Amino acid sequence: MPNSMALDIKSFETIIPSRFLSFTIPNPALPTHLLRVAVLDNPIQLNESPQVAALFVPQNREPDWIFSTESGHLQLLLSSPGISRLILIGSNPISGSDSSPLTYHKRDNAQYVKSLENSVKPLFFALSPKVSFQDGIFDVPILDYEDNLICSVVLERCVGVFVCEMLVEDIEIESDSELREFRRRLRFKRMPNLVQTEIRIVPQKVFELDRVKIGGEVKFRPDTKVLVHSYLIPMVASLYLIGSCIEDRFRKGLKPKALCLGVGGGALLSFLRTELGFEVFGVEMDEEVLRVARQYFGLEDCEIHVSVGDAIEYVEKLAGRDRVLVSGEDNGDFYLNHANGFGAKFDVIMVDLDSCDARNGVIAPPLEFVKKHILSAARSVLSDFGIFVMNVIPPTRLFYDTLIHEFQEIFHELYEIDVGNGENFVLIAKVSPVTSPLGECENSFLQKLRIAILGRYLDSLRKI
């Protein structure tokens, strides 16, 4: 990282697509800190005269990958239409001044930003292209970074073989009710603007609410009885389409089987097991992610069988064998075979896999999954009434239309749920035209499902 003396200020007079520079200067508001200044030019050449904007990094969130990495900076820039250059300014502690963990509190941030705003205006002038002054008026708008975070603290940072750097953090978020809402998150550095897993946490012991705070002495435990991640609820709601068949499984003394491709923190797997009574199988590429899921997110080995490996290869092996060996932890190997009366068939396969593109951000599913032979393999290991459920974050409409076409080539019926967050869709493919319970009297499983997801998204199922 170059220091301010090494910079040629003339280099900022023009926009150079994708150029990224960062440097430090003295912090006028905090003498024991420096200011980290990061400048990123839009990778897309805009036709209009270049518009420069600035964003102050919330105090004590400077190490957050959203603000400290080039990829996080890029997603902030791309989410601000019409901006050619985005300047990030945040505090940078002087080495050795304070080694204690940082805890972010939203209430402390407004005064901090106000103390900096006037003192750095000359810097904005120096970092702006010449063309910005041609009309004689110069102004750099200050963008607000808005989220629902009240406070946060990082519990652990670690490295996985495949996902690389990741962290676990406890947070408190704004709530619409009088009750305070505490969450635990798993995030990957390669996708800094994405929360990979989010669950609700509650104090291990009963405390008065005003005594409970993130980063304090109160210990929290996972609450796996509720789903809080926006797209997981509609994924579970898809089971409504086969509710009568699942109820029939239970009446025969059998547990329905679910295969989850992509485990992460394990929120979906835990919910399917504890709240809906499924026998759950999962596939996760990175063993360190599973260690984190067990330690922090309540993923239990009891009746949840997890394999470490590539999800696509696993499905292909299942499709090609009547029996497959999946290695588990502590010699907990298990076999899927025909001994249970309905074979190595799953009633539902749920896919929560993604990849990251520098320009488009997160894409789900990975391109490798959008292939007929993979979808055919998945269909072959589903029961006669089974469904294939996929979380989709399409980078383009063409990607989404292609995915829909591939599904319709392989499966009998296709349904969609728009999650409503402007990002996620859930696609549900049916193996056969089993009668849908929509409009019929609900059996005990459907009633349990409705209660478990609070009735959400059941009216959003749309046949494509």
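Quantities reported herein were computed from a predicted structural model and do not represent experimental measurements.
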Would you say the side chains of [X] and [Y] form a donor-acceptor pair under 3.5 Å?
X	Y	value
Tyr104	Gln59	no
Asn421	Tyr231	no
Glu413	Tyr415	yes

Any side-chain heavy-atom pair from [X] and [Y] closer than 4.5 angstrom?
X	Y	answer
Asp170	Phe182	no
Cys164	Lys189	no
Val236	Leu276	yes
Glu169	Val153	no
Met166	Arg187	no
Ile387	Leu239	yes
Leu375	Glu406	yes
Met350	Ser238	yes

Non-hydrogen atoms of [X] and [Y] that approach each other most closely:
X	Y	value
Val419	Pro234	CG2-CG, 3.8 Å
Ala311	Val283	CA-CG1, 3.8 Å
Leu272	Ala258	CD1-CB, 4.0 Å
Gly72	Asn193	CA-OD1, 3.4 Å
Pro141	Gln51	CD-NE2, 3.3 Å
Val218	Pro203	CG1-CB, 3.9 Å

Rounded distance [0.5 Å steps], [atom1] in [X] versus [atom2] in [Y]:
X	Y	atom1	atom2	value
Ser18	Gln45	OG	CD	10.0 Å
Ile15	Ser84	CD1	OG	5.0 Å
Ile16	Asn42	CD1	CG	13.5 Å
Ile246	Leu254	CD1	CG	12.5 Å
Phe271	Ile233	CZ	CD1	8.0 Å
Leu227	Glu198	CG	CD	11.5 Å

Closer than 3.5 angstrom, by distance alone: can the side chain of [X] be matched with the main-chain N or O of [Y] as a donor-acceptor pair?
X	Y	result
Ser80	Ile83	no
His229	Leu268	no
Ser270	Ala267	no
Asn391	Asp352	no
Asp64	Ile66	yes
Arg185	Ile171	no
Glu284	Val263	yes
Asp223	Arg200	no
Glu62	Asn60	yes
Arg379	Val431	yes

> Could you go step by step and tell me if Arg249 and Asp347 meet the salt bridge (charged side-chain N to carboxylate O under 4.0 Å, His left out) rule?
Replying inline: CA-CA 10 Å; Arg249 286 273 193 253; Asp347 302 303; 3.0 Å; yes
> Residues two or more places apart in sequence or in another chain: which of them pass side-chain contact (heavy atoms from CB on, under 4.5 Å) with Ser380?
Replying inline: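 side-chain contact (heavy atoms from CB on, under 4.5 Å) check on Ser380 returns Ala319.
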> Who pairs with Ala54 by side-chain contact (heavy atoms from CB on, under 4.5 Å), at least two apart in sequence or on another chain?
Replying inline: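 Applying side-chain contact (heavy atoms from CB on, under 4.5 Å) to Ala54 gives Ile87, Phe124, Val140, Ile142.
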> How would you list all residue pairs meeting ring-ring contact (aromatic ring centres under 6.0 Å, His included) that involve residues 53-76, not counting sequence neighbours?
Replying inline: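 Every pair satisfying ring-ring contact (aromatic ring centres under 6.0 Å, His included) with a residue in residues 53-76: Phe20-His73, Phe67-Tyr145.
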> When you look at Met285 and Val308, which way does the side chain to side chain contact (heavy atoms under 4.5 Å, CB included) test go after all the steps?
Replying inline: CA-CA 5 Å; Met285 177 71 81; Val308 178; over 6 Å; no
>> Would Val202 and Phe220 count as a side chain to side chain contact (heavy atoms under 4.5 Å, CB included) here? Give the steps.
In response: CA-CA 5 Å; Val202 294; Phe220 291 87; 5.6 Å; no
> Can you name the residues that form a ring pair (Phe, Tyr, Trp, His ring centres under 6.0 Å) with Phe411, not counting sequence neighbours?
Replying inline: Phe388, Phe407
>> Between Phe346 and Leu318, is the side chain to side chain contact (heavy atoms under 4.5 Å, CB included) condition met? List the steps.
In response: CA-CA 11 Å; Phe346 297 97; Leu318 278 178; 3.6 Å; yes
> Would Arg180 and Glu172 pass as an ion pair if we require N to O under 4.0 Å?
Replying inline: yes
> Which pairs count as salt bridge (charged side-chain N to carboxylate O under 4.0 Å, His left out) when at least one residue sits in residues 414-427, sequence neighbours excluded?
Replying inline: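 Checked against salt bridge (charged side-chain N to carboxylate O under 4.0 Å, His left out) - neighbours excluded - the pairs reaching residues 414-427 are Glu416-Arg462.
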>> Applying salt bridge (charged side-chain N to carboxylate O under 4.0 Å, His left out) to Asp147 and Arg61, what does each step give before you reach the verdict?
In response: CA-CA 12 Å; Asp147 61 13; Arg61 289 185 69 178; 2.9 Å; yes
>> Apply salt bridge (charged side-chain N to carboxylate O under 4.0 Å, His left out) to residues Lys372 and Glu409 and explain how you reach the verdict.
In response: CA-CA 8 Å; Lys372 284 185 181 179; Glu409 288 284 303; 3.4 Å; yes
> What do the steps show when you test Arg291 against Glu156 for salt bridge (charged side-chain N to carboxylate O under 4.0 Å, His left out), and what is the final call?
Replying inline: CA-CA 12 Å; Arg291 194 273 304 172; Glu156 182 181 343; 2.7 Å; yes
> Should Thr197 and Ile199 be marked as a side chain to side chain contact (heavy atoms under 4.5 Å, CB included) after you check the CA-CA gap, both sets of side-chain angles, and the distance that decides it?
Replying inline: CA-CA 7 Å; Thr197 298; Ile199 64 169; 4.2 Å; yes
> Glu279 and side chain to side chain donor-acceptor pair (under 3.5 Å): which partner among Arg273, His305, Lys255?
Replying inline: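 Checked Arg273, His305, Lys255 against Glu279; only one passes side chain to side chain donor-acceptor pair (under 3.5 Å): His305.
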>> Going by the rule side-chain hydrogen bond (donor to acceptor under 3.5 Å, both in side chains), which residues pair with Glu174 if we only count those two or more places apart in sequence or in a different chain?
In response: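 Partners of Glu174 by the side-chain hydrogen bond (donor to acceptor under 3.5 Å, both in side chains) criterion, ordered by chain and then number, come out as Lys106.
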